[in-house]
**Student:** 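Please find one structure pasted underneath; my questions will follow.
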Amino acid sequence: MTQADMQHMQQTMQLGMVALETSRIAQQKAQNADLKRFATFEVQEQTTLAEVLHSMMDPATTSATGAAAQSSQPGAASGANAPAMQMDAQSREMIQRLQNTQAGEAFDRQYLQGQMEGHSALLQVQSQYLQSNPQNREHMNVAKIARAVITEHVALLEDIQTKMK
């Protein structure tokens, strides 16, 4: 596994962890039905993606033993030999702000904005990796699939944003 492969996976996992944690909060607090449904999709997607990336980083980990994103600790990734994922201060602050915001329109707008920014960053990570002419076909295919799903999620978020105005 090359340095570029590792960096791509770590960036994707870090950004995905923020999307996962904020979406878990939104599953409980979002008032907008479309946003609440999106949060559920995002939790499922990020949980699966984290499991796939953990298994790629540690081939001895199987889906049965590497329930990567099941941790309730923000910023803590599980998995036997997976490198510890730490959120940056800005991400922790965003999660804290969402936890402290009352359910309602302000929460929905905050969550939507955070997801749009996070998905834009995730899309950029995938695109940069794919433009780097990666040699590992497995990593390249995961990045292609992730890019397609992220693009779809950006379209969903934009549609929700239009309806909320």
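One-based numbering along the sequence shown.
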**Student:** Looking at M116, is its backbone amide N or carbonyl O close enough to the side chain of S120 to form a donor-acceptor pair, meaning the two atoms are under 3.5 Å apart?
**Tutor:** no

**Student:** Rounded to the nearest 0.5 Å, what separation is found between the CD atom of Q126 and the OG1 atom of T12?
**Tutor:** 4.0 Å

**Student:** Checking side chain to side chain contact (heavy atoms under 4.5 Å, CB included) between I25 and each of E21, Q28, K29, which is the one that passes?
**Tutor:** K29

**Student:** I need the minimum non-hydrogen distance between A30 and D108, along with the two atoms involved.
**Tutor:** CA-OD1, 3.2 Å

**Student:** Distance check, rounded to the nearest 0.5 Å: T40 atom OG1 versus E45 atom CD?
**Tutor:** 13.0 Å

**Student:** Donor-acceptor pair, distance only, cut-off 3.5 Å: does the side chain of S23 make one with the backbone of L20?
**Tutor:** no

**Student:** Could you pull out the closest heavy-atom pair between T101 and A106, with the gap in Å?
**Tutor:** CG2-C, 4.3 Å

**Student:** With H119, which residues qualify under ring-ring contact (aromatic ring centres under 6.0 Å, His included), at least two apart?
**Tutor:** F38, H153

**Student:** Counting heavy atoms not belonging to E105, are there more than 12 under 6.0 Å from its CD?
**Tutor:** no

**Student:** For the pair Y129 and Q11, evaluate side chain to side chain contact (heavy atoms under 4.5 Å, CB included) and give the outcome as yes or no after the intermediate values.
**Tutor:** CA-CA 10 Å; Y129 175 72; Q11 289 175 327; over 6 Å; no

**Student:** Applying the 4.5 Å side-chain criterion to the ILVMFWY set and letting contacts propagate, would M6 and L53 be lumped into a single cluster?
**Tutor:** yes

**Student:** Look up atom CG in L122 and atom CG in L15, then write down how far apart they are to the nearest 0.5 Å.
**Tutor:** 4.5 Å

**Student:** Is L112 linked to F107 within one hydrophobic cluster, defined over Ile, Leu, Val, Met, Phe, Trp and Tyr using a side-chain heavy-atom separation of less than 4.5 Å?
**Tutor:** yes

**Student:** Report the C-alpha separation of K36 and Q31 in whole Å, then their side-chain angles, then the decisive distance to 0.1 Å, and conclude whether the side chain to side chain contact (heavy atoms under 4.5 Å, CB included) test is met.
**Tutor:** CA-CA 7 Å; K36 197 175 205 73; Q31 300 295 296; 5.7 Å; no

**Student:** I'd like to know whether T162 forms a side chain to side chain donor-acceptor pair (under 3.5 Å) with D159, so could you lay out the CA-CA distance, the side-chain angles of the two residues, the decisive distance to 0.1 Å, and finally the verdict.
**Tutor:** CA-CA 5 Å; T162 301; D159 188 49; 5.5 Å; no

**Student:** Between CD of E42 and CG of L49, what distance do you get to the nearest 0.5 Å?
**Tutor:** 9.5 Å

**Student:** Can you tell me how far the CG atom of L156 sits from the CD atom of Q115, to the nearest 0.5 Å?
**Tutor:** 11.5 Å

**Student:** Please name the residue in the list M164, K163, R109 that meets the side chain to side chain contact (heavy atoms under 4.5 Å, CB included) test with L35.
**Tutor:** M164

**Student:** Taking the side chain as everything from C-beta on, heavy atoms only, tell me whether Q113 gets closer than 4.5 Å to Q110.
**Tutor:** no

**Student:** V43 versus Q27: any side-chain heavy-atom pair under 4.5 Å?
**Tutor:** yes

**Student:** Among D5, N141, V142, exactly one meets side chain to side chain contact (heavy atoms under 4.5 Å, CB included) together with N136. Which residue is that?
**Tutor:** D5

**Student:** Would you compute the distance between atom OG1 of T47 and atom CZ of R24 and round it to the nearest 0.5 angstrom?
**Tutor:** 5.5 Å

**Student:** Check whether any side-chain heavy atom of Q128 sits under 4.5 Å from a side-chain heavy atom of H8, and report yes or no.
**Tutor:** no

**Student:** Do V125 and M13 share a hydrophobic cluster (ILVMFWY, side-chain heavy atoms under 4.5 Å, transitive)?
**Tutor:** no

